[in-house]
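Following: one structure in structure tokens, then a few remarks.
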Amino acid sequence: GENVEQHPSTLSVQEGDSAVIKCTYSDSASNYFPWYKQELGKRPQLIIDIRSNVGEKKDQRIAVTLNKTAKHFSLHITETQPEDSAVYFCAPQGWTSYGKLTFGQGTILTVHP
Amino acid sequence: GAVVSQHPSRVICKSGTSVKIECRSLDFQATTMFWYRQFPKKSLMLMATSNEGSKATYEQGVEKDKFLINHASLTLSTLTVTSAHPEDSSFYICSARGGSGRSGANVLTFGAGSRLTVL
């Protein structure tokens, strides 16, 4: 099965700074790489995803980069805002097991005003 | 968009009783549903995968006799925690796969979760 490592476990930044979270996976068959944001007591929300035929994808202040050779992908948040404070999870997977998620350990992001 | 309704959102029960959690896809047919458990300040752990009309597939270490999963229709899956104990207290979340997203791929949608407290 997939072995997922996510770093850092906690990240504290000042409002306006950038935040980067890295996810390393083991299964070379993984070809879909989503990032989820979870607020306390709420469901995970998909915030950005990337497929293995693309190296980078950007959506306003968030971006995801993929290094398939090294088997890691990263979440980048620029111009952070207090409402970005949440727990972020990566969940790499293959299309044959789409939906069967192995989540990373999570990163608690705190954005200080 | 695809909507998954999960209830109850919160339930408190006495030790030894059974609790049923429902997960419904409201506007699409969910061919597959997944059940996760999340302890405080921890990640979500997959418990089982359920397909309509067939037995659920449980992850290693998950007791199938304790966590009964039924996927009787394309819109409903239930998780029953039998003979609940305090250590079963957790946040249970379902997700459903089905429908079609913008890219044409299956949509994956999470329920809002159910907070179980066993006294």
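Reminder, nothing fancy here: chain letters follow the sequence lines and each chain counts from 1. Bear in mind that the values here come from a model prediction, so they are computed numbers and not experimental data. Only heavy atoms go into these numbers, but all of them, side chains included; no hydrogens, no water, no symmetry mates.
Contact of B/E59 with chain A is made through the side chain alone, with heavy-atom distances under 4.5 Å. Interface remark: B/T32 contributes no atoms to any contact with chain A (heavy atom separation under 4.5 Å). Contacts between A/Q45 and chain B at a heavy-atom distance below 4.5 Å are absent for every atom of the residue. With a threshold of 4.5 angstrom between heavy atoms, B/K42 approaches chain A through N, CA, C or O but not through any side-chain atom. Proximity to chain B is limited to the backbone of A/K42, based on heavy atoms less than 4.5 angstrom apart.
With sequence neighbours excluded, the residues satisfying side-chain contact (heavy atoms from CB on, under 4.5 Å) with B/S73 are B/T75, B/L76.
Interface remark: of the candidates B/G113, B/A112, B/A96, B/A112 forms the most heavy-atom pairs closer than 4.5 Å to chain A. Ranking A/T102, A/L101, A/L46 against chain B, the residue ahead of the rest is A/L101, based on heavy-atom pairs under 4.5 Å. Across B/P40, B/S95, B/G111, the residue that shares the most heavy-atom pairs under 4.5 angstrom with chain A is B/G111.
For the pair B/S43 (side chain) and A/G106 (backbone), a donor-acceptor distance under 3.5 Å is absent.
More than 12 heavy atoms of other residues, nucleotides or ligands sit less than 6.0 Å from atom CZ of A/R61. For A/Q60, the CD atom sits in a loose shell: 12 or fewer heavy atoms of surrounding residues, nucleotides or ligands are nearer than 6.0 Å. Other residues, nucleotides and ligands place more than 12 heavy atoms under 6.0 Å from the NZ atom of A/K68. In B/L119, the CG atom is crowded: over 12 heavy atoms of neighbouring residues, nucleotides or ligands sit closer than 6.0 Å. Heavy-atom neighbours of A/Q81 CD from other residues, nucleotides or ligands within 6.0 Å: above the threshold of 12. B/K55 NZ: 12 or fewer foreign heavy atoms inside a 6.0 Å radius.
In terms of hydrophobic clustering, with Ile, Leu, Val, Met, Phe, Trp and Tyr side chains grouped at heavy-atom distances under 4.5 Å, A/V87 and A/V4 are assigned to different clusters. No continuous path of ILVMFWY side-chain contacts below 4.5 Å connects B/L68 to B/I21, so the two sit in separate hydrophobic clusters.
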task = Just do the side-chain contact (heavy atoms from CB on, under 4.5 Å) check on A/K100 and B/R97 with the steps written out, would you?
result = CA-CA 9 Å; A/K100 186 178 174 182; B/R97 183 178 76 191; over 6 Å; no
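Aromatic ring orientation, B/F110 versus A/F103: tilted (interplanar angle from 30° to 60°).
For the atom pair B/L44 CG and A/Q105 CD, the distance stands at 12.5 Å (nearest 0.5 Å). One finds the CG atom of B/L108 at 4.5 Å from the OH atom of A/Y36 (value rounded to the nearest 0.5 Å).
Across every non-hydrogen atom of B/F91 and A/Q38, the tightest pair is CE2-NE2, 4.2 Å.
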